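In each ligand, atom 1 is the first atom listed, and ligand 1 is the first ligand listed. What you see is a predicted model; the values in this text were computed from it and never measured.
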Amino acid sequence: MKIYNTLSRNVENFKPLKEGLVTIYTCGPTVYNYVHIGNLRTFIFYDLVKRAFKLNNYKVKHVMNITDVDDKTIRKSMESHVSLKEYTELYTKYFMEDLQKLNIEMDTKFTNATDNIDEMQKIIVKLLKEGYAYEAEDGIYFNVSKFKDYGKLSGMKVNGSYSRIKNDEYDKENASDFALWKYWDENDGNVYWEGKLKKGRPGWHIECSAMSMKYLGKTIDVHCGAVDLIFPHHENEIAQSESYSKQKFVDYWLHGEHLLVNGQKMSKSLGNFYTLRDLEKQGFNPLSFRLMVIDSNYRNKLDFTFENLKKYEKLLAKIDLSVKAFNKTEKYDETEDSYSRIQTKKVVDSELQAFKEAVNNDLNTHEALQNFFALLDLADEKTKKGKVDNKEFSYLSNAISKMNEFLGVYVDYEIPKEIIDLAEEREKERKEKKFAEADLLREKINEKGYFIADLPNTFVITKRYLE
Ligand code: AMP
Ligand code: ZN
């Protein structure tokens, strides 16, 4: 498997620390609000990275932090007059719902920053003791000049003199000594910890170092984020972790590009953002956004428009219908290996091979999607004939499932009994040539959010998608 490593600025052959296992840490959300679909592009990217390793038969251990304490979460919870915990738990819950709607695999260890304060303090104490950190009047800072490799990830030029910065998100042009621990002041209300350090709270960067090392080990295989995290966040994570452990922190740094709106990064501060709920309110299925993300390779910027999303909603409807219709198509057994059988096997094998090669070529998901659609087209051809040989059916449907294990764009769902009953009634009317009655029933099914498609000898019901 080949993957682009930001650290070397090269596409590299992936080699894990331990055979058969990949350890992955991904920077999670700051839970002070609903995440926007720009953030969600990044979380889908993480999911694809994970699924790519699984496609290559690796076992994956994945940790994601939930940043439930920082300048923003504290300010927002105080404005809403609820405790920090209560406030962040609510947005964590919404975040999890979004991940599930996007069919993101949940075999992840999610961990709250506030549940790992001891670990953070332990690292800070050692950094202080060894002279990598120093105390100032408002907190404890990492001394960037003490880490000789500073800048190795981002290419940031360092000149030996640094100002000091308390904010977690700072100026992207200059390296600065950054806060590891921020001493309490009245803006923090009742949010503080004591223990090994003076009353205060952690900086953002130390959170990820502590959680990654605690749950996955001092050196891990893969660390992911979006490109805006390269500097200063990831650069700072490396500095403090490697100063602490005297070991390489991460072998492969993977960064996903941004989701844009009119050429600008979608962001809360610019106000040019949509949440998944905004998309749903307009009638879109969340998976159409997943499909849109997959169709654009992770290292390319992706401009979001609703016009474009409509295209993916249509493709999603096609996927749903093709798979369901193919499954329902009548099966029979050829007596021997027919030409058609041999041909189908050949096409399926070669598409599946090409699919895997695309995924393994630095996650070329755009290409992989073409192979998936090629198989669906072939399935459609069989469906139209009204009959499919059992063996051909299993070649095709196994390969489609295999691809979908990676793509995660087809999700089976239950059709309510009420809808099935209406559809069967309609079928009966149709057979009796009572077309007006049948059409009324079709409309009724539509109104209830489902769609009915007629096949040669039967029918299939799917969810209704936007036209
Ligand atoms: P935050 O909640 O701000 O910490 O962001 C969560 C993740 O979303 C981080 O990895 C960010 O880098 C990423 N992110 C923020 N804005 C965008 C965007 N417009 N497109 C893609 N990823 C983004
Ligand atoms: Zn992080």
Side-chain angles (χ1 to χ4, degrees), residues 6 24-49 62-73 76 88 91-92 94-96 98-99 102 104 110-113 116 120 153-154 167-170 172 178 180 202-216 220 222-241 249-250 253-276 289-290 292-293 296-304:
T6 309
I24 306 180
Y25 183 90
T26 59
C27 288
T30 308
V31 280
Y32 69 102
N33 208 329
Y34 291 105
V35 296
H36 59 64
I37 57 171
N39 303 132
L40 291 172
R41 179 189 188 189
T42 296
F43 297 116
I44 295 170
F45 156 61
Y46 299 164
D47 186 53
L48 294 169
V49 168
H62 175 214
V63 172
M64 186 188 295
N65 65 294
I66 303 290
T67 297
D68 60 347
V69 56
D70 81 324
D71 304 345
K72 285 178 288 200
T73 43
K76 290 278 190 182
T88 54
Y91 289 103
T92 304
Y94 293 141
F95 172 64
M96 298 295 167
D98 284 357
L99 296 187
L102 290 166
I104 285 173
F110 293 99
T111 180
N112 290 330
N116 296 279
M120 296 172 206
L153 179 72
S154 60
N167 290 344
D168 288 325
E169 282 168 272
Y170 58 87
K172 297 215 167 268
F178 55 92
L180 295 166
W204 171 38
H205 313 297
I206 194 70
E207 296 181 2
C208 286
S209 288
M211 290 184 259
S212 177
M213 290 195 279
K214 176 173 170 183
Y215 295 105
L216 296 170
I220 65 162
V222 176
H223 191 124
C224 304
V227 287
D228 59 307
L229 296 188
I230 298 174
F231 187 84
H233 185 52
H234 289 162
E235 194 71 63
N236 291 350
E237 279 189 41
I238 293 177
Q240 59 205 2
S241 307
F249 180 43
V250 173
W253 284 93
L254 273 45
H255 291 100
E257 255 300 347
H258 285 145
L259 186 71
L260 311 181
V261 185
N262 296 323
Q264 272 187 312
K265 179 189 168 195
M266 179 175 288
S267 75
K268 297 247 169 77
S269 54
L270 289 173
N272 60 350
F273 66 90
Y274 303 104
T275 64
L276 201 58
F289 181 66
R290 181 179 174 99
M292 179 190 232
V293 169
S296 159
N297 289 339
Y298 78 100
R299 287 205 286 140
N300 295 337
K301 293 183 170 65
L302 169 59
D303 219 323
F304 177 82

Report all side-chain donor-acceptor pairs from residues 26-36 shorter than 3.5 Å, counting only partners two or more places apart or in another chain.
| from | atom 1 | to | atom 2 | distance (Å) |
| --- | --- | --- | --- | --- |
| T26 | OG1 | H62 | NE2 | 2.8 |
| H36 | ND1 | G38 | N | 2.9 |
| H36 | ND1 | N39 | N | 3.1 |

Within the side chain of [X], is there an N or O that forms a donor-acceptor pair under 3.5 Å with the backbone of [Y]?
X    : Y    : result
T6   : W253 : yes
R41  : H258 : yes
E237 : C208 : no
D70  : K72  : yes

Among K72, R41, H255, H258, closest by any non-hydrogen atom to atom 18 (C) of ligand 1: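 Looking at heavy atoms only, the winner is H258.
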From the candidates T26, N39, I37, I230, the one that places a heavy atom nearest atom 8 (O) of ligand 1: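 Considering heavy atoms of T26, N39, I37, I230, the nearest to atom 8 (O) of ligand 1 sits in N39.
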Sub-4.0 Å heavy-atom contact, H36 with ligand 1: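 Yes.
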contact_flag F304 ligand 1 heavy-atom lt 4.0 Å: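 False for this residue.
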Count, waters excluded, of protein N, O or S atoms under 2.8 Å from the Zn ion (ligand 2):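 Every protein N, O or S atom under 2.8 Å from the Zn ion (ligand 2) counted, the figure is 3.
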Over all atoms of both residues, closest heavy-atom pair of T67 and T73: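 In this case the closest contact between T67 and T73 is O-CG2, 4.2 Å.
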Considering both backbone and side-chain atoms of [X], is one of its nitrogen or oxygen atoms within less than 3.5 Å of a nitrogen or oxygen in ligand 1?
X    : result
S267 : no
P29  : no
C27  : no
L229 : no
T42  : yes

Could you tell me, atom by atom, which parts of ligand 1 come under 4.0 Å of a heavy atom of [X]?
X    : value
D228 : 11 (C), 12 (O)
M266 : 16 (N), 18 (C), 19 (N)
Y46  : 10 (O)

Residue Y274 excluded, over 12 heavy atoms near OH under 6.0 Å: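 It does not: Y274 OH has 12 such atoms or fewer within range.
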Qualifying residues under side chain to side chain donor-acceptor pair (under 3.5 Å), relative to Y215, sequence neighbours excluded: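 Y215: side chain to side chain donor-acceptor pair (under 3.5 Å) contacts with T111, N116.
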Listed partners of S267 passing side chain to side chain donor-acceptor pair (under 3.5 Å), at least two apart: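 S269.
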F289 and F304 aromatic ring geometry - parallel, tilted or perpendicular at 30°/60° bounds: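 The arrangement is perpendicular - the two ring planes meet at more than 60°.
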Mutual orientation of the aromatic rings belonging to H223 and H234 [parallel < 30°, tilted 30-60°, perpendicular > 60°]: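 H223 and H234: perpendicular rings.
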Pair Y91, D68: side-chain N/O donor-acceptor within cut-off below 3.5 Å: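 There is no such pair (donor and acceptor under 3.5 Å, judged by atom type) between the side chains of Y91 and D68.
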